[in-house]
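The structure appears below as structure tokens.
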Amino acid sequence: MPSEEYVERVLSVVERIPPGSVMAYGDIAEYLGFGGPRQVGWVMSHYGGGVPWWRVVRADGRPADCHAGEAIRRLRSEGTPFREPAGDRIDMSRARWDCQPD
DNA sequence: AGCCTGACAGATA
DNA sequence: GTATCTGCCAGGC
């Protein structure tokens with residue numbers, strides 16, 4: 001179990017992801033400078049209910065396997081760039097957010 | 001200690 | 001394009 005503080009930090013970053021952008025699990029871990037992608041995934045699976053969880057995706061641009069349909073629907077509705085023509089993966093080169101402050 | 005699990009990532013075939 | 005393997009970090013048994 002990660003510390004409460006770690007959970008809070010992960011959630012605070014996810015909350016700040018603007019509509020139309022996404023971050024990979026590994027990106028968040030790298031930004032925090034602690035833990036790894038799997039730790040972020042763990043936090044999301046247990047505490048991600050109150051944040052825009054659909055903006056956290058795998059590094060290859062595909063949402064987590066267990067809720068792919070729901071996430072893609074939400075992302076498309078907020079204008080996230082997808083790779084055409086398939087449209088099943090996000091265009092990471094355009095959608096990835098660096099967690100740069102406003 | 002040893003092995004398994006996970007909303008992961010990168011390299012390789 | 002897919003399938004597999006290994007590495008990763010933290011935790012459970």
Side-chain angles (χ1 to χ4, degrees):
Chain A
M1 275 259 299
S3 65
E4 295 289 332
E5 184 180 332
Y6 186 67
V7 172
E8 294 296 323
R9 291 222 215 172
V10 170
L11 296 181
S12 70
V13 171
V14 176
E15 278 175 349
R16 293 173 42 198
I17 303 177
S21 297
V22 298
M23 279 185 86
Y25 296 90
D27 292 340
I28 296 173
E30 185 180 357
Y31 174 78
L32 294 177
F34 181 78
R38 316 202 65 148
Q39 300 309 103
V40 176
W42 185 93
V43 172
M44 293 305 291
S45 68
H46 290 265
Y47 302 95
V51 296
W53 49 265
W54 56 91
R55 297 184 190 136
V56 184
V57 300
R58 292 171 58 152
D60 63 357
R62 207 184 67 167
D65 295 329
C66 60
H67 55 227
E70 180 73 13
I72 288 178
R73 207 176 53 204
R74 289 176 175 273
L75 291 167
R76 284 179 62 84
S77 73
E78 61 186 35
T80 308
F82 273 76
R83 284 183 53 175
E84 300 302 337
D88 60 337
R89 287 202 294 153
I90 297 164
D91 186 341
M92 291 303 283
S93 63
R94 289 195 290 161
R96 190 195 295 253
W97 186 54
D98 285 341
C99 198
Q100 295 166 3
D102 323 293

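Because only heavy atoms are used, hydrogens play no part in the values below, and waters and symmetry mates are left out as well, while side chains stay in. This one's a predicted model, so the numbers in the text were calculated from it and none came from an experiment.
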- Item | Pairwise distance OH(A:Y31) to CE(A:M23) - rounded to 0.5 angstrom |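 It comes to 8.0 Å.
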- State the CH2-CD1 distance between A:W97 and A:I28, to the nearest 0.5 angstrom.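 CD1 of A:I28 is found 9.5 Å from CH2 of A:W97.
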Atom [atom1] of [X] and atom [atom2] of [N]: how far apart are they, to the nearest Å?
X	N	atom1	atom2	value
A:R83	C:dG1	CZ	C1'	10 Å
A:E30	C:dC8	CD	P	15 Å
A:Y6	C:dG11	OH	P	11 Å
A:W42	C:dG12	CH2	P	9 Å

- Query: What does A:A29 touch in the nucleic acid at a heavy-atom separation under 4.0 angstrom: a base, only the sugar-phosphate, or nothing?
  - Reply: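 A:A29: no heavy atom of the nucleic acid under 4.0 Å.
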- Message: Students often get this wrong, so: under 4.0 angstrom with heavy atoms, is A:R38 touching a base, only sugar-phosphate, or nothing?
- Response: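 If one applies the 4.0 Å heavy-atom cut-off, A:R38 turns out to touch a base.
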- Which two nucleotides bound the region of DNA chain B that has atoms under 4.0 Å from heavy atoms of chain A, read 5' to 3'?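 Footprint of chain A along DNA chain B, 5' to 3': B:dG6 to B:dG10.
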- Task: Please name all residues satisfying side-chain contact (heavy atoms from CB on, under 4.5 Å) with A:D91, sequence neighbours left out, ordered by chain then number.
- Result: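 A:D91 satisfies side-chain contact (heavy atoms from CB on, under 4.5 Å) with A:P81, A:R83, A:S93, A:R94 only.
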- Message: Surrounding CD of A:E5 (heavy atoms of other residues, nucleotides or ligands, distance under 6.0 Å), is the total greater than 12?
- Response: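 Count not over threshold, so no.
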- Query: Say you pick atom P in B:dT12 and the same atom in C:dC8; how far apart are they, in whole Å?
  - Reply: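 It works out to 15 Å between them.
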- Query: Can we say A:E78 and A:R74 salt-bridge, meaning some charged N sits less than 4.0 Å from an Asp/Glu carboxylate O?
  - Reply: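 No, A:E78 and A:R74 are not salt-bridged.
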- Query: Is the shortest heavy-atom distance from the side chain of A:S21 to the side chain of A:R55 under 4.5 Å?
  - Reply: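 Not in contact.
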